[in-house]
Enquirer: 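Input: one structure, supplied below.
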Amino acid sequence: ILPFTSVLFNCIYWDHRFPRLITTKQLLGVEDVSCDLAGSIEFLEQYGSIEKPFNMQDWASGSMALREGVDGPGVLYHAVDHLPAECPLEASTHFGRCLEPFLPALAHSDGTKPHAQCDLPAEMHGAVVACQGELTPAFEHVGTMYEHQRRAQETSCRLRSASPPPRGSLEAKTEMQLKGHLFDTGFINQVLDLTEDAKVQCRILDFRVGKNRQSETEVELELCCAAAEPLQQCIQAIAKLGASAKVQIQIHGEPVRAPLAAPSPVGRAAGARRVLLLGSGLVAAPLVQHILERPENLITVASMFLEEAQALCGDSLRATAVHQLVDQEAAGLEELVEQHDVVVSLVPAVCHPRVGRACIAARKHLVTASYISPEMQALHTEAAAAGLVFLNEAGLDPGIDHMSACQMVDALHAEGARVTSFKSWCGGLPAPQGANNPLGYKFSWSPRGALLATKNAARYRVQGKEVEVKAANLMRSAEPFRLQGNPAFALEAIPNRDSIPYTTMYGVAEAPTFFRGTLRYEGFSAVLATLAAIGLLSTDSCQDDAAASTGSCRAMLATKVGLSGKEEHSDDAIFASMWKLVEAPATAGEAPPAVTTCSERGAVEAALRWIGLLDSRTPFPKAASALDGLVAMLTAHTEMSYSPGEPDLVVMEHRVEACNVDGSNPRTITASLVEYGNQSHSAMSRTVGLTAAIATQLVLDAHAELPAGVQAPLKPC
């Protein structure tokens with residue numbers, strides 16, 4: 001970088017085992033935030049101070065002389081190690097006021113007691129670093145960090161050394177080539193830790209850094225040890241680490257591979273079963289825990305986010321984390337599928353067909369929690385011919401809704417009853433105490449996908465007549481909803497896609513009324529219908545959308561509602577023009593106005609202000625489309641996402657009306673589910689993850705008894 005650098009801001013983390021960023025070169029100045037003496041910037045020989053912050057590196061004399069001012073020849077160096085402690089007066093005053101209430105408790109505390117028995121307030125108790133000469137539990141990692149630094153300084157593994165280590169007592173050596181994302185994932189640090197633990201000397205012979213974050217880095221190492229066995233063990237440990245991180249490893253040009261996992265004694269038994277989980281998202285944790293409850297099960301968590309996969313595996317010896325992509329171009333998926341018995345795909349539904357094809361090629365079973373797409377259904381014949389179970393829709397919606405509905409219908413049919421009406425609703429929502437934004441909704445999956453779902457067309461049946469809802473009218477068709485026997489939740493029901501195929505799937509083709517709906521808190525549909533009416537849910541390119549590329553958010557909104565974005569308009573003028581658009585039928589002769597009362601208008605106007613659409617100082621986000629710009633604005637609000645430990649809510653209800661074949665004995669059967677999240681797992685992750693886990697175990701235990709091909713859980717086994 002130096003041929004292109006005049007002033008360098010150095011903020012990198014550096015370790016004694018790493019190569020230096022630069023050694024000596026003429027610069028104008030260096031701002032060294034890292035402040036490592038003789039570290040990544042070799043010629044940092046002493047710190048400055050708050051009073052005298054600047055040092056001048058005099059290249060002619062080779063010394064760094066403290067001086068005041070910024071004049072004269074040489075490189076100006078600013079490296080003040082305790083600069084973060086130099087707080088402004090107002091910050092110090094504010095901190096003092098916050099600390100003052102705790103001082104009496106500190107003064108009266110008993111310092112002779114162990115930390116666990118300390119009577120300090122919780123805020124101060126958690127901030128105690130050391131007590132009675134020992135680090136407190138929350139800060140024990142400091143000792144580990146110090147030990148690593150000490151060992152790094154003492155070890156002969158000096159990456160900055162250009163000369164090879166002494167060979168007199170070294171009987172085994174080899175050269176290893178690494179290729180992958182080595183530095184941004186921390187892989188190289190882990191390799192160096194392994195070599196130190198094994199007492200293997202290591203030095204970098206060469207490295208080539210990728211051009212960008214997507215490019216891979218190549219590093220060539222020389223490993224030396226006093227005996228061949230510990231060197232081989234070290235190589236195997238690095239190979240296992242590389243398998244998890246998707247790093248290519250070669251020894252003298254030959255690939256080095258490690259076993260997929262280090263199985264426990266149970267895993268080596270003949271009855272061991274291997275599950276491959278693709279995806280490490282919000283619903284994965286309950287699934288992993290449930291699979292590991294059976295001692296014969298092993299699970300591999302494959303994710304594009306390796307740290308998430310590792311967190312899911314924890315310290316279980318029967319769980320392994322690997323880095324793996326599942327898009328069309330990603331390599332390694334087929335090999336990974338080959339090594340398992342059942343694959344669980346929790347990645348986006350568009351990726352399932354590719355996973356399905358890999359399962360067919362490897363003759364492996366598949367479980368998903370997604371709706372069966374036409375592309376997935378197209379795999380049915382091949383999967384069935386191979387005797388493979390492709391069990392889909394094994395989640396909440398779809399999943400629990402199917403199974404509970406079919407159970408109710410089958411019970412009625414067993415009584416000789418005829419179903420006259422079937423209605424089902426389901427929704428994932430914030431718990432009431434957490435519904436703290438005007439939409440009453442929080443993103444637990446793709447924000448863009450959640451907004452696009454509000455533009456789906458729908459179809460259902462009422463009194464024998466099919467009702468079709470065009471995509472533009474979906475939010476306008478929402479109706480108030482209350483749970484049977486539990487009216488505390490103010491909800492609204494929105495038609496959920498095409499309900500008609502489920503009349504046959506549920507075995508109620510005779511039912512004159514059949515409806516499946518999505519639940520949201522009241523007010524959600526009015527806001528979304530308004531955003532749709534003014535064009536903010538459009539996926540058209542912003543290059544073709546003059547309004548979306550118009551200056552501030554306020555100017556953009558004015559343009560969207562038919563006003564000039566170059567002129568100042570009052571809120572009243574903008575809203576008046578907006579309501580003309582919103583209250584016009586989305587499709588001629590169809591759907592009522594989205595907003596009909598003054599209170600609804602006020603709530604929608606407040607929502608638009610909260611989103612920031614009337615802000616004249618903030619530019620509308622530059623994005624591919626108006627929808628993407630809106631997503632950027634919504635996700636900028638922390639209230640639109642769940643904070644750690646914040647409870648969510650799952651609500652589901654079926655209402656089935658039935659009578660005897662002759663029309664006598666009319667009755668209504670209701671089944672409701674109200675599930676709250678807890679500190680361990682969200683309600684959504686439990687209802688989806690556990691359902692998929694139970695389905696997976698069923699496939700492991702009884703796949704020979706299950707119907708082969710692409711299936712949904714509609715009938716009991």
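Below, each value reflects all heavy atoms present in this structure, side chains not excepted, and no hydrogens, waters or symmetry copies.
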Enquirer: Does some side-chain heavy atom of M505 sit less than 4.5 Å from a side-chain heavy atom of C406?
Expert: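 A side-chain contact under 4.5 Å is absent here.
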Enquirer: Can you list the residues that meet the salt bridge (Lys or Arg N to Asp or Glu O under 4.0 Å) rule with K455, with sequence neighbours excluded?
Expert: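 For K455 there are no salt bridge (Lys or Arg N to Asp or Glu O under 4.0 Å) partners, ignoring immediate neighbours.
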Enquirer: Give a yes or no answer on whether the side chain of E393 reaches the backbone of I372 with a donor-acceptor pair at less than 3.5 Å.
Expert: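 Yes; judged by distance alone, with no hydrogens or angles, the pair exists.
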Enquirer: Main chain of P430, side chain of D648: is a donor-acceptor contact present, judged purely on distance under 3.5 Å?
Expert: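 The answer is no, because no donor-acceptor pair under 3.5 Å joins these two groups.
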Enquirer: Using a 3.5 Å distance criterion without hydrogens, assess whether the side chain of E646 forms a donor-acceptor pair with backbone atoms of S643.
Expert: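 Yes, the answer is positive, given that a donor and an acceptor are paired below the 3.5 Å cut-off.
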Enquirer: Ignoring hydrogens and geometry beyond distance, is a side-chain donor-acceptor pair present between H181 and E216 at under 3.5 Å?
Expert: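 Absent: no donor and acceptor within the cut-off.
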Enquirer: A quick test of your reading: do over 12 heavy atoms of other residues, nucleotides or ligands sit less than 6.0 Å from CD of E334?
Expert: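 Yes - once you tally the heavy atoms of other residues, nucleotides and ligands closer than 6.0 Å, there are more than 12.
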Enquirer: I'd like to know if R554 and D615 make a salt bridge, using a cut-off of under 4.0 Å between side-chain N and carboxylate O.
Expert: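 A salt bridge is absent here (no side-chain N lies under 4.0 Å from a carboxylate O).
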Enquirer: Donor-acceptor pairs are to be reported for all side-chain atoms of residues 602-613 against protein atoms at under 3.5 Å, with residues two or more places apart or in another chain.
Expert:
| residue | atom | partner | partner atom | Å |
| --- | --- | --- | --- | --- |
| E605 | OE2 | W579 | NE1 | 2.9 |
| R609 | NH2 | D571 | OD2 | 3.2 |

Enquirer: If only atom types and distance count, is the side chain of D628 paired as donor or acceptor with the main-chain N or O of A626 below 3.5 Å?
Expert: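 The answer is no, because no donor-acceptor pair under 3.5 Å joins these two groups.
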Enquirer: Are E375 and R357 within salt-bridge range, i.e. N to O under 4.0 Å?
Expert: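 Salt bridge absent between E375 and R357.
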Enquirer: For S477 and L474, indicate whether the former's side chain and the latter's backbone hold a donor-acceptor pair under 3.5 Å.
Expert: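 Yes, S477 side chain to L474 backbone: donor-acceptor pair under 3.5 Å.
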Enquirer: Would E308 and S303 satisfy side-chain hydrogen bond (donor to acceptor under 3.5 Å, both in side chains), going step by step from the backbone distance to the final call?
Expert: CA-CA 8 Å; E308 288 185 2; S303 172; 4.6 Å; no
Enquirer: Going by the angle between their ring planes, with limits at 30° and 60°, are F481 and W425 parallel, tilted or perpendicular?
Expert: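 Tilted.
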Enquirer: Does E653 pair with R655 as a salt bridge, N-O distance under 4.0 Å?
Expert: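 Salt bridge flag = yes for R655 with E653.
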Enquirer: Donor-acceptor check, side chain of R459 to backbone of K470, threshold 3.5 angstrom: yes or no?
Expert: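 No: the side chain of R459 does not pair with the backbone of K470.
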Enquirer: Test L614 against F575 for side chain to side chain contact (heavy atoms under 4.5 Å, CB included), laying out the working first.
Expert: CA-CA 10 Å; L614 275 85; F575 286 136; 3.9 Å; yes
Enquirer: Looking at every heavy atom in both A394 and A695, which two are closest together, and how far apart are they?
Expert: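 Taking every non-hydrogen atom into account, CB-CB, 3.9 Å.
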Enquirer: Ring centroids only, cut at 6.0 angstrom: are Y502 and H402 within range, meaning strictly under it?
Expert: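 Centroid separation for Y502 and H402: below 6.0 Å.
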Enquirer: What's the spacing between E492 CD and S525 OG if we round to 0.5 Å?
Expert: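 The distance works out to 3.5 Å.
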Enquirer: Might you work through the side chain to side chain contact (heavy atoms under 4.5 Å, CB included) test for V343 and L278, ending with a clear yes or no?
Expert: CA-CA 7 Å; V343 177; L278 299 176; 3.8 Å; yes
Enquirer: Take a 6.0 Å sphere around CD of Q407 and say whether it holds more than 12 heavy atoms from other residues, nucleotides or ligands.
Expert: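 No, the 6.0 Å shell around CD holds no more than 12 heavy atoms from other groups.
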Enquirer: Does a side chain donor of either H352 or S370 reach within less than 3.5 Å of an acceptor in the other side chain?
Expert: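 Yes.
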Enquirer: What are the two closest non-hydrogen atoms of A284 and L277, and how far apart are they?
Expert: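 Closest pair (atom of A284, atom of L277, distance): CB-CD2, 4.0 Å.
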Enquirer: Which heavy atom of P713 sits nearest a heavy atom of M403, and at what distance?
Expert: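 So the two residues come closest at O-CG, 3.3 Å.
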Enquirer: Can you tell me if E479 has over 12 outside heavy atoms packed within less than 6.0 Å of its CD?
Expert: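 No, CD of E479 has 12 or fewer neighbouring heavy atoms, counting only those of other groups under 6.0 Å.
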Enquirer: For the side chain of R686 and the backbone of Y676, is there at least one donor-acceptor N/O pair under 3.5 Å apart?
Expert: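 Confirmed, R686 side chain pairs with Y676 backbone.
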Enquirer: If we count only N and O atoms by modelled type, under 3.5 Å, do the side chains of T368 and N392 hold a donor and an acceptor together?
Expert: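 On atom types as modelled, these side chains qualify, holding a pair under 3.5 Å.
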Enquirer: Any chance you could measure N678, atom CG, to S685, atom OG, to the nearest 0.5 Å?
Expert: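 Nearest 0.5 Å value for the CG-OG distance: 8.0 Å.
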Enquirer: What pair of heavy atoms forms the shortest contact from R461 to A509, and how long is it?
Expert: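 Taking every non-hydrogen atom into account, NH2-O, 3.2 Å.
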Enquirer: I need the M640 CE to S444 OG distance, nearest 0.5 Å.
Expert: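 Atom-to-atom, M640:CE and S444:OG are 10.5 Å apart.
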Enquirer: Does a side-chain heavy-atom distance below 4.5 Å link F620 with L557?
Expert: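 Side-chain contact under 4.5 Å: no.
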Enquirer: So L634 and L451, do their side chains get closer than 4.5 Å, heavy atoms only?
Expert: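 A side-chain contact under 4.5 Å exists here.
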Enquirer: How many angstroms lie between atom CE of M652 and atom CG of D397, to the nearest 0.5 angstrom?
Expert: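 Rounded to the nearest 0.5 Å, the CE-CG separation comes to 6.0 Å.
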Enquirer: Would you say the side-chain atoms of Q711 and H380 include a donor-acceptor pair closer than 3.5 Å?
Expert: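 Looking only at side-chain atoms, H380 and Q711 do not form any donor-acceptor pair under 3.5 Å.
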Enquirer: If we only count heavy atoms from C-beta on, is the T668 to V656 side-chain gap below 4.5 Å?
Expert: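 With C-beta onward as the side chain, the pair stays apart.
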Enquirer: Do T691 side-chain atoms and T687 backbone N/O form a donor-acceptor pair below 3.5 Å?
Expert: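 Checked: pair present.
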Enquirer: With no hydrogens and no angle check, is any side-chain donor or acceptor of T513 less than 3.5 Å from a backbone partner on Q463?
Expert: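 Answer holds: yes.
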Enquirer: What I want to find out is whether R516 reaches D498 closely enough, with some N-O distance under 4.0 Å, to be called a salt bridge.
Expert: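 The answer is no: the pair does not qualify as a salt bridge.
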Enquirer: Any side-chain heavy atom of L396 within less than 4.5 Å of one from V650?
Expert: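 In contact.
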Enquirer: Within a strict 4.5 Å, meaning less than it, do heavy atoms of the I500 and E466 side chains meet?
Expert: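 They are in side-chain contact.
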Enquirer: Checking side chain to side chain contact (heavy atoms under 4.5 Å, CB included) for the pair L336/V322: CA distance, chi angles, key distance, verdict?
Expert: CA-CA 10 Å; L336 200 57; V322 299; 3.9 Å; yes
Enquirer: Between V527 and P438, which heavy-atom pair has the shortest distance, and what is it?
Expert: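 Where V527 meets P438 most closely, the heavy atoms are CG2-O, 4.5 Å.
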Enquirer: Can you find a pair of side-chain heavy atoms, one from L690 and one from L287, that are under 4.5 Å apart?
Expert: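 No - every pair of side-chain heavy atoms lies 4.5 Å or more apart.
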Enquirer: Would L537 and L630 count as a side chain to side chain contact (heavy atoms under 4.5 Å, CB included) here? Give the steps.
Expert: CA-CA 8 Å; L537 298 185; L630 177 64; 3.7 Å; yes
Enquirer: For residues L439 and F524, report the shortest heavy-atom separation together with the two atoms involved.
Expert: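 Here L439 and F524 meet closest at O-CD1, 3.5 Å.
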Enquirer: Is atom CD of Q433 surrounded by more than 12 heavy atoms (other residues, nucleotides or ligands) closer than 6.0 Å?
Expert: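 Yes - once you tally the heavy atoms of other residues, nucleotides and ligands closer than 6.0 Å, there are more than 12.
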Enquirer: Taking atom CG as the centre, does L282 end up with more than 12 heavy-atom neighbours from other residues, nucleotides or ligands that are less than 6.0 angstrom away?
Expert: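 No.
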Enquirer: Within the 4.5 Å heavy-atom criterion, are L452 and L627 side-chain neighbours or not?
Expert: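 The answer is yes; the side chains approach within 4.5 Å.
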Enquirer: Just to verify, which of F515, Y460, F514 counts as forming a ring pair (Phe, Tyr, Trp, His ring centres under 6.0 Å) with F422?
Expert: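 With F422 as partner, ring pair (Phe, Tyr, Trp, His ring centres under 6.0 Å) holds for just one option, F514.
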Enquirer: Do T670 and Q484 meet the criterion of a side-chain donor-acceptor pair at a distance under 3.5 Å?
Expert: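 On atom types as modelled, these side chains do not qualify, holding no pair under 3.5 Å.
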Enquirer: Find the distance between CE (M408) and CD1 (I669) and round it off to the nearest 0.5 Å.
Expert: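 Between M408 CE and I669 CD1, I get 6.0 Å after rounding to 0.5 Å.
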Enquirer: Could you check whether any side-chain N or O of S570 sits under 3.5 Å from a backbone N or O of A573, counting only pairs where one atom can act as donor and the other as acceptor?
Expert: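 Between the backbone of A573 and the side chain of S570 there is a qualifying donor-acceptor contact (under 3.5 Å).
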Enquirer: Rounded at 0.5 Å granularity, tell me how far OG1 in T454 sits from CG in L531.
Expert: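 These two atoms lie 8.5 Å from each other.
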Enquirer: Can you confirm whether more than 12 heavy atoms, excluding those of K246, are under 6.0 Å from its NZ atom?
Expert: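 It does: K246 NZ has more than 12 such atoms within range.
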